[in-house]
Amino acid sequence: MTENNPGTIELHIPSRLGYEKIAMNTAASTARMMGFSDERVEDLKTAVAEACINAMEHGNKFDESLSVGVILSMNDDSLEVKVVDTGAGTQGHGTTPDIDRKMHEEEKARGMGMFLIQALVDEAEWVSSPPAGSYARMVIRLHPASESLERK
């Protein structure tokens, strides 16, 4: 699943709610070690937890015999996280949710995962690779482009 890169950490967690916390905390520890700000670490934790729960629910259908793979790849200025499941992947990208309709209970509160992940990380993509499964790929940069512009 990974190339032999000393900057890579790989986890396999059961498709059972609660285990996403292991992936979330491992990603947070890695990001802190790399020098990410507390705010960026919190964004990453939320995105990783959401991606893991989506993989458990939609990809692996909560089948506890199937694991969710989490691959953290450290680079000089970014951390890439892949969350891998056995499902067929998403059918296109989710639409932007109508938050007002959700708040007024005119729509289900669920269905915001992909939108949330995209808002929290610098890059997000969902890749389907049957029959092997699918994965969510997220990248968070130590110094996002918007932050670099502010410093100039």
Side-chain angles (χ1 to χ4, degrees), residues 1-97 108-149 151:
M1 202 191 283
T2 63
E3 55 281 348
N4 288 332
N5 177 348
T8 299
I9 299 167
E10 185 171 340
L11 306 169
H12 295 274
I13 58 174
S15 294
R16 182 186 315 160
L17 290 176
Y19 281 87
E20 73 280 359
K21 293 175 186 169
I22 294 169
M24 178 179 83
N25 289 327
T26 301
S29 294
T30 303
R32 280 190 198 98
M33 188 176 67
M34 292 176 68
F36 281 87
S37 69
D38 289 342
E39 182 179 332
R40 298 292 282 166
V41 170
E42 290 304 314
D43 289 348
L44 178 64
K45 285 170 58 176
T46 301
V48 168
E50 187 63 40
C52 286
I53 292 169
N54 284 347
M56 291 174 187
E57 179 181 3
H58 302 293
N60 292 349
K61 311 289 187 222
F62 289 121
D63 180 344
E64 291 185 19
S65 70
L66 300 174
S67 66
V68 172
V70 181
I71 304 163
L72 302 140
S73 300
M74 294 172 270
N75 297 300
D76 290 339
D77 63 347
S78 65
L79 177 62
E80 177 187 80
V81 182
K82 286 184 181 176
V83 177
V84 184
D85 62 54
T86 61
T90 62
Q91 306 305 317
H93 293 290
T95 58
T96 302
K108 292 180 185 178
R110 297 180 42 91
M112 294 185 53
M114 291 171 75
F115 173 77
L116 184 61
I117 290 168
Q118 288 175 317
L120 294 172
V121 298
D122 297 307
E123 289 178 40
E125 68 176 326
W126 288 265
V127 178
S128 178
S129 55
S134 61
Y135 62 89
R137 177 184 164 273
M138 301 167 281
V139 176
I140 188 165
R141 291 189 182 80
L142 201 48
H143 304 290
S146 62
E147 193 176 291
S148 297
L149 294 174
R151 284 188 271 161

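Just so it is clear, the structure is predicted and the values come from calculations on it, not from any experiment.
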Legend entry - Atom OH of Tyr19 with >12 non-hydrogen neighbours under 6.0 angstrom: no
Legend entry - Distance in Å, Glu80 CD paired with Leu72 CG, rounded so as to fall on 0.5 Å steps: 9.5 Å
Legend entry - Interatomic spacing from OG in Ser134 to NZ in Lys82 - rounded to 0.5 Å: 12.0 Å
Legend entry - Test item: side-chain donor near acceptor, Asn60 and Thr86, under 3.5 Å: yes
Inset, instruction - Mind listing the closest non-hydrogen atom pair of His12 and Gly69 along with its distance? - result: ND1-CA, 4.1 Å
Inset, instruction - Provide the closest heavy-atom pair for Val70 versus Ala23 in the form atom of the first, atom of the second, distance. - result: CG2-CB, 3.9 Å
Inset, instruction - For the pair Arg40 (side chain) and Arg141 (backbone), establish whether a donor and an acceptor sit closer than 3.5 Å, ignoring hydrogens and angles. - result: yes
Inset, instruction - Might you point out which heavy atoms bring Ala47 and Val121 nearest each other, and give the distance in Å? - result: CB-CG1, 3.8 Å
Inset, instruction - Begin from the C-alpha positions of Val83 and Cys52 and carry the test side-chain contact (heavy atoms from CB on, under 4.5 Å) through to its verdict. - result: CA-CA 6 Å; Val83 177; Cys52 286; 4.1 Å; yes
Legend entry - Lys45 side, atom NZ; Glu50 side, atom CD - distance, nearest 0.5 Å: 15.0 Å
Inset, instruction - Considering non-hydrogen atoms only, spot the tightest contact between Leu120 and Ile140 and give its length. - result: O-CD1, 4.4 Å
Inset, instruction - Could you tell me whether the side chain of Ser78 and the main chain of Val139 form a donor-acceptor pair under 3.5 Å? - result: no
Legend entry - Main-chain N/O of Asp77 paired to Asn75 side chain as donor or acceptor, under 3.5 Å: no
Inset, instruction - Measure the spacing between OG1 of Thr30 and CD1 of Ile9 and express it to the nearest 0.5 Å. - result: 3.5 Å
Legend entry - Residue pair Leu44 / Phe36, side-chain heavy-atom distance below 4.5 Å: no
Inset, instruction - Considering non-hydrogen atoms only, spot the tightest contact between Val68 and Ser15 and give its length. - result: CG2-OG, 3.8 Å
Inset, instruction - Please name the pair of heavy atoms, one in Glu20 and one in Arg16, separated by the smallest distance, quoted to 0.1 Å. - result: OE1-O, 4.2 Å
Legend entry - From CA spacing to verdict: side-chain contact (heavy atoms from CB on, under 4.5 Å), Lys61, Leu66: CA-CA 9 Å; Lys61 311 289 187 222; Leu66 300 174; over 6 Å; no
Legend entry - Interatomic spacing from CE in Met24 to CD1 in Ile53 - rounded to 0.5 Å: 9.0 Å
Inset, instruction - Report the distance from atom CD of Glu125 to atom CE of Met114, rounding to the nearest 0.5 Å. - result: 11.0 Å
